[in-house]
Amino acid sequence: MKVLAIDPGLERIGYAVLSREGSRLQALDYGLIETPRIVLADRLRLIHDRCRELITSHEPDTLAIERLLFTVNKTTAMDVAKAIGVVLLAASETGLKCTEISPPEVKLAVVGNGAADKKQVQYMVAKLLGLASPPKPDDVADALAIGIAYCMMSRIALGGTKGQ
């Protein structure tokens, strides 16, 4: 199974492509999509286009994206929600199945504690993927964590079947 994981944002969007074969997880690609401070509609188009490129080049089986939780800054939340919309549109256009995962679900799957802090998550991401050090910046580490969480959650949902 191959998953494209997205940590949504407007200015910086973390992405990761992970492969799971049995219990083995591997990071195939990860990085950051950055948008310049231009008109919102053009930023959203850039996010959409870059996500389509990632889907086309990696041919994932599914897309996992972090679910937006209520935030104090409603303006920022609305813009991130719009970015999530264009990512989901790119997935829909290619027939890609999508799953939204909340931050506490990601932390619980990766660390075993739904209230874990960023450093704990980053440490476990590096450990689970065999990386020499925690990935930077935070958006990339978060995307990797989302991908790991999806792989772990889907494995449990499938009863831990070998080869899934």
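For the numbers below, each heavy atom of this structure counts, side chains included, while hydrogens, waters and symmetry mates do not.
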Tell me the closest heavy-atom pair linking [X] and [Y], and the distance in Å.
X	Y	value
Pro8	Ile6	CD-O, 3.4 Å
Ala16	Leu144	CB-CD2, 3.5 Å
Asp7	Ala143	CB-N, 3.9 Å
Leu18	Gly147	CD2-C, 3.9 Å
Val121	Ala116	CG2-CB, 4.3 Å
Tyr15	Leu32	CE2-N, 3.4 Å

Which residues share a side chain to side chain donor-acceptor pair (under 3.5 Å) with Glu11, sequence neighbours left out: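 Partners of Glu11 under the side chain to side chain donor-acceptor pair (under 3.5 Å) test: Arg37.
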Student check: side-chain heavy atoms of [X] and [Y] closer than 4.5 Å:
X	Y	value
Val86	Cys51	no
Ile65	Cys98	no
Val87	Ile47	yes
Pro60	Val17	no
Ile146	Val110	no

Is there a donor-acceptor contact under 3.5 Å from the side chain of Arg20 to the main chain of Cys151? yes
same_hphob_cluster(Leu54, Leu89) at 4.5 Å side-chain heavy-atom cutoff: no
Going through the checks in order, is the side-chain contact (heavy atoms from CB on, under 4.5 Å) test met by Ile148 and Met124? CA-CA 10 Å; Ile148 291 168; Met124 285 305 296; over 6 Å; no
Starting at [atom1] of [X], measure out to [atom2] of [Y] and round the result to the nearest 0.5 Å.
X	Y	atom1	atom2	value
Glu100	Glu105	CD	CD	10.5 Å
Leu108	Ile101	CG	CD1	11.5 Å
Ser23	Met152	OG	CE	9.5 Å
Leu96	Leu63	CG	CG	5.5 Å

If you look only at pairs with a residue in [range], which of them pass as a side chain to side chain donor-acceptor pair (under 3.5 Å), with sequence neighbours excluded?
range	answer
residues 115-131	Lys118-Asp142, Gln122-Asp138
residues 58-68	Asp29-His58
residues 38-48	Thr35-Arg43, His48-Glu93

Please go through Ile38's hydrophobic cluster and name the other residues, only I, L, V, M, F, W, Y counting, with side-chain heavy atoms under 4.5 Å joining them. Leu46
Taking distance alone, no hydrogens or angles, what donor-acceptor pairs closer than 3.5 Å link side-chain atoms of residues 129-137 to residues at least two apart or in another chain?
none

Decide, yes or no, whether a salt bridge links Lys82 with Asp79 under the criterion of side-chain N to carboxylate O below 4.0 Å.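 Yes.
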